[in-house]
Amino acid sequence: MYTLDIDKKNGRQRNIAKTGLICLILSIFTALFGAVYEYYSHEVYSYYMLYAFLIPLVGGALPYFLIALSRKNILPEKSAIYLYNSGLATLTVGSLLKGILDIYGTSNTLLAYYIYIGLILVFLGLVFYGVQIIRANEK
């Protein structure tokens, strides 16, 4: 028995809770960024900018806190977390960019790729986690 032996499940649950806290902080930062940007936009508003904070809040903080609080032994692996978080970041940045361009009064056809790539990454993260759950239930 090693002196550095730790309970891996509790350590991973703390990491999941920490990831949820980071998503919550990013959601607050995104809301403040949107509020400040729209304050200086001469009363021009964009729903993409107003509601961009919901992506890391509902898509990130809420699921991670629910996973951390659950009593199940099945916690997502790093590959699933990285894919999922990359998708959330892509969707958030795409929403902010769409809001900035809406406020500016222009558009760009390349912004659709943010949505597609973000949704694909989120979906892949969920698939990886689903495969992990299926493998754990088979054992």
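Both backbone and side-chain heavy atoms feed into the values below; hydrogens, waters and symmetry mates do not. Since the structure is predicted, the reported quantities are computational estimates derived from the model, not experimental observations.
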Sequence neighbours left out, cut at 3.5 Å: what donor-acceptor pairs do the side chains of residues 104-123 make with other protein atoms?
residue	atom	partner	partner atom	Å
Asn108	OD1	Leu110	N	3.0

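- Cluster annotation: Leu83 is not connected to Leu75 through the hydrophobic network of ILVMFWY side chains, with a link wherever side-chain heavy atoms come within less than 4.5 Å.
- The two residues Gly59 and Pro63 have their closest heavy-atom pair at O-CG, 3.3 Å.
- The stretch residues 110-120 participates, sequence neighbours left out, in no salt bridge (charged side-chain N to carboxylate O under 4.0 Å, His left out) pair at all.
- Under the salt bridge (charged side-chain N to carboxylate O under 4.0 Å, His left out) criterion, no residue pair touches residues 21-40, with sequence neighbours excluded.
- Within the model, atoms OG of Ser86 and CD1 of Ile81 stand 11.5 Å from one another, a figure rounded to the nearest 0.5 Å.
- Leu124 and Leu91 fall into different hydrophobic clusters, where Ile, Leu, Val, Met, Phe, Trp and Tyr residues are linked whenever their side-chain heavy atoms come under 4.5 Å apart, directly or through other members.
- Within the structure, no pair that satisfies the salt bridge (charged side-chain N to carboxylate O under 4.0 Å, His left out) test touches residues 22-31, not counting sequence neighbours.
- In this structure, CD1 in Ile16 is found 12.0 Å from CG in Leu66, a value given to the nearest 0.5 Å.
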In residues 19-32, what donor-acceptor pairs under 3.5 Å come from side-chain atoms, sequence neighbours left out?
residue	atom	partner	partner atom	Å
Thr19	OG1	Asn15	O	2.8
Ser27	OG	Phe53	O	2.8
Thr30	OG1	Leu26	O	2.7

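- Identified under the side chain to side chain donor-acceptor pair (under 3.5 Å) test for residues 41-58, with sequence neighbours left out: Ser46-Asp102.
- In plain terms, the two heavy atoms of Ala52 and Thr92 that are nearest each other are O-CG2, 4.2 Å.
- Two different hydrophobic clusters hold Tyr84 and Phe128 under the rule that ILVMFWY side chains link at heavy-atom gaps under 4.5 Å.
- Membership of the apolar cluster around Ile103 extends to Phe33, Tyr37, Val44, Met49, Leu96, Ile100, as traced through chained side-chain contacts below 4.5 Å between ILVMFWY residues.
- Residues satisfying the side-chain hydrogen bond (donor to acceptor under 3.5 Å, both in side chains) test with Tyr64, not counting sequence neighbours, are Asn85.
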